[in-house]
Amino acid sequence: MSTMTLHDITLTYDDEGGNGSGNEGAGRDRDGDRDRGGGEVLVLVHGHPFDRSMWRPQIETFAGPGRRVIAPDLRGYGGSTVLPGKTTLTTFAWDIAALLDRLGVDRVVLGGLSMGGQIVLEFYRLFPERVRALVLADTFAAAETEQGRVARNTTADRLLREGMGPYADEVLTKMVAPHNVEALPAVAAHVRDMMRGAPPEGAAAALRGRAERPDYVGMLARVAVPALVVVGSEDEFTPVADARVMSDGIPDATLAVVEGAGHMPNLERRAEFDAVLGAFLDSLPPITSGVIDRAGDFENHQGGQAASPRRNP
């Protein structure tokens with residue numbers, strides 16, 4: 001585990017693998033980076049209301065001498081700073097860009113699940129030149145509806161009033177397919193614990209931000225990098241039809257339906273998910289460099305100001 005202070009927040013993140021180092025925490029400089037040269041960089045963005053631990057299986061699978069894997073706790077979640085109010089997808093995307101700047105990382109394979117996938121789409125909208133490939137898991141690209149806006153704000157109020165426990169118990173069998181709750185008790189417990197452990201203020205702020213989610217469907221045809229769209233066959237939140245909208249809209253995208261999984265296929269069907277992701281990563285063309293000096297880019301763009309929903313573009 002590592003931490004990085006970015007103006008008004010501190011992000012907690014895992015950073016493993018890469019050329020020259022296979023152990024997290026080895027050879028860090030004063031800014032928290034490691035001198036590992038080139039190689040693939042895979043960034044994985046968690047969903048709501050989870051944390052970076054949802055990607056632990058994939059870090060174990062894919063981090064190694066030739067590939068670096070970075071998985072942050074988003075602001076408001078896990079070990080990162082909690083700021084009440086509203087956190088937009090744009091804010092989350094700028095936080096990731098700032099973290100990558102500080103780590104000296106230029107282009108990445110960027111993947112996310114659910115809300116994390118929408119953050120990936122927003123990151124691509126803002127920084128297409130920094131994305132080498134997209135992984136969109138159990139997410140959707142359409143704008144929020146009026147009914148959805150009301151529901152997200154109502155849920156945000158509920159989380160602040162009741163805490164995360166009742167919500168976590170209520171939605172568990174939508175996050176994890178009901179038969180997997182019974183068959184995979186360790187997975188169900190992990191998902192339940194992540195939800196119960198999420199800070200209510202951070203989760204509510206993210207819900208209010210997602211209530212303002214723009215439409216990304218019109219952007220899909222302009223995606224100019226390889227894309228993998230993954231969805232659980234039994235996902236109630238983002239069904240296969242939503243995944244097909246993205247795979248049909250993005251030129252030459254690959255669609256993978258993980259049979260027997262709900263909203264969390266990377267945990268419910270780890271082997272199948274990892275096989276699909278691994279094949280996609282192996283299909284990408286070679287790269288020449290993945291590390292540059294961009295430590296001042298975020299600060300220069302922000303004019304020295306903290307990253308916040310009011311100051312981000």
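Quantities reported herein were computed from a predicted structural model and do not represent experimental measurements. What you see below is based on every heavy atom in this structure, not just the backbone, and it leaves out hydrogens, waters and symmetry mates.
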Engineer: Go through it in stages, so that I can follow the logic: the residues are V135 and L110, the test is side-chain contact (heavy atoms from CB on, under 4.5 Å), and I'd like the CA-CA distance, side-chain angles, deciding distance and then a yes or no.
Structural biologist: CA-CA 6 Å; V135 179; L110 186 62; over 6 Å; no
Engineer: side-chain contact (heavy atoms from CB on, under 4.5 Å) with V69: which of L42, V41, D15?
Structural biologist: L42
Engineer: Closer than 4.0 angstrom, basic N to acidic O: yes or no for R56 and D14?
Structural biologist: yes
Engineer: Start with the C-alpha gap between N153 and V150, add the side-chain angles, then the distance that decides, and say whether side-chain contact (heavy atoms from CB on, under 4.5 Å) holds.
Structural biologist: CA-CA 5 Å; N153 282 297; V150 172; over 6 Å; no
Engineer: Check side chain to side chain donor-acceptor pair (under 3.5 Å) between D138 and all other residues, then give those that pass, not counting sequence neighbours.
Structural biologist: none
Engineer: Establish, yes or no, whether a centroid distance under 6.0 Å links the rings of W94 and F127.
Structural biologist: yes
Engineer: With a 4.0 Å cut-off, would you call R208 and D157 a salt bridge?
Structural biologist: yes
Engineer: Could you tell me if T5 and T10 have a donor-acceptor pair between their side chains, going purely by distance under 3.5 Å?
Structural biologist: yes
Engineer: Run the salt bridge (Lys or Arg N to Asp or Glu O under 4.0 Å) test on E144 and R152 for me, step by step, so that the C-alpha distance in whole Å, both residues' side-chain angles and the decisive distance to 0.1 Å come before the verdict.
Structural biologist: CA-CA 10 Å; E144 188 60 272; R152 291 195 191 279; 2.4 Å; yes
Engineer: Please check if the number of heavy atoms outside D282 that lie under 6.0 Å from its CG is greater than 12.
Structural biologist: yes
Engineer: Taking all non-hydrogen atoms of both residues, which atom of L44 and which atom of P72 are closest, and how far apart?
Structural biologist: O-CD, 3.3 Å
Engineer: Please confirm whether the backbone N or O of V187 pairs with a side-chain atom of E268, one donor and one acceptor, at under 3.5 Å?
Structural biologist: no
Engineer: State yes or no: do F140 and F92 share one hydrophobic cluster built from I, L, V, M, F, W and Y residues joined by side-chain heavy-atom distances below 4.5 Å, directly or via other members?
Structural biologist: no
Engineer: Answer whether the closest heavy-atom distance between the side chains of L89 and T91 falls below 4.5 Å.
Structural biologist: no
Engineer: Considering residues, nucleotides and ligands other than E162, do more than 12 of their heavy atoms fall under 6.0 Å from its CD?
Structural biologist: yes
Engineer: With heavy-atom distances below 4.5 Å as the criterion, would you say the side chains of M194 and P49 are in contact?
Structural biologist: no
Engineer: Check this for me: does any side-chain nitrogen of one of R68 and E40 sit under 4.0 Å from a carboxylate oxygen of the other?
Structural biologist: no
Engineer: Just by modelled atom types, is the R75 backbone N or O under 3.5 Å from a matching donor or acceptor in the D95 side chain?
Structural biologist: no
Engineer: Answer yes or no: is there a donor N or O on one side and an acceptor on the other, between the side chain of R52 and the main chain of V45, under 3.5 Å?
Structural biologist: no
Engineer: Using a strict 4.0 Å threshold on nitrogen-to-oxygen distance, state whether E60 and R270 make a salt bridge.
Structural biologist: yes
Engineer: Can you get from L277 to L284 by hopping between Ile, Leu, Val, Met, Phe, Trp and Tyr side chains that sit under 4.5 Å apart?
Structural biologist: yes
Engineer: Could you give me the CA-CA distance, side-chain angles and deciding distance for D169 and R196, then say whether salt bridge (Lys or Arg N to Asp or Glu O under 4.0 Å) is met?
Structural biologist: CA-CA 9 Å; D169 293 341; R196 283 180 167 271; 2.7 Å; yes
Engineer: Using atom types as modelled and distance alone, determine if a side-chain donor or acceptor of N266 lies under 3.5 Å from a backbone N or O of Q58.
Structural biologist: no
Engineer: Is any side-chain heavy atom of F123 closer than 4.5 Å to one of V131?
Structural biologist: yes
Engineer: May I ask you to decide whether D101 forms a salt bridge with R130, counting only side-chain N to carboxylate O separations under 4.0 Å?
Structural biologist: yes
Engineer: Are any non-hydrogen side-chain atoms of L136 and V230 less than 4.5 angstrom apart?
Structural biologist: no
Engineer: Step by step, work out the side-chain contact (heavy atoms from CB on, under 4.5 Å) result for H263 and V176.
Structural biologist: CA-CA 6 Å; H263 195 55; V176 178; over 6 Å; no
Engineer: Measuring only between side-chain heavy atoms, which start at C-beta, is H190 closer than 4.5 Å to S53?
Structural biologist: yes
Engineer: Passes side-chain contact (heavy atoms from CB on, under 4.5 Å), V231 versus V258? Steps please.
Structural biologist: CA-CA 6 Å; V231 64; V258 180; over 6 Å; no
Engineer: Under a 4.0 Å N-O cut-off, is there an ion pair linking R269 with E234?
Structural biologist: no
Engineer: List in chain and number order the residues that pass salt bridge (charged side-chain N to carboxylate O under 4.0 Å, His left out) with E259, two or more places apart in sequence or in another chain; answer none if no residue qualifies.
Structural biologist: none
Engineer: Could you check whether any side-chain heavy atom of D235 comes within less than 4.5 Å of a side-chain heavy atom of V240, counting everything from C-beta outward?
Structural biologist: no
Engineer: Return all side-chain donor-acceptor pairs below 3.5 angstrom for residues 216-228, not counting sequence neighbours, or 'none' if the list is empty.
Structural biologist:
residue	atom	partner	partner atom	Å
Y216	OH	E122	OE1	2.7
R222	NH1	G218	O	3.1

Engineer: Is there a side-chain contact between M1 and Y13 in this structure, where contact means two heavy atoms from C-beta onward sitting under 4.5 Å apart?
Structural biologist: no
Engineer: Using modelled atom types only, decide if a donor and an acceptor are shared between the side chain of T12 and the backbone of G79 within a distance under 3.5 Å.
Structural biologist: yes
Engineer: Is any side-chain heavy atom of T154 closer than 4.5 Å to one of R158?
Structural biologist: no
Engineer: Please state whether the rings of H46 and Y77 are parallel, tilted or perpendicular, taking 30° and 60° as the class boundaries.
Structural biologist: perpendicular
Engineer: Is any NZ, NE, NH1 or NH2 atom of the basic residue among E212 and R149 found under 4.0 Å from an Asp or Glu carboxylate oxygen of the other?
Structural biologist: no
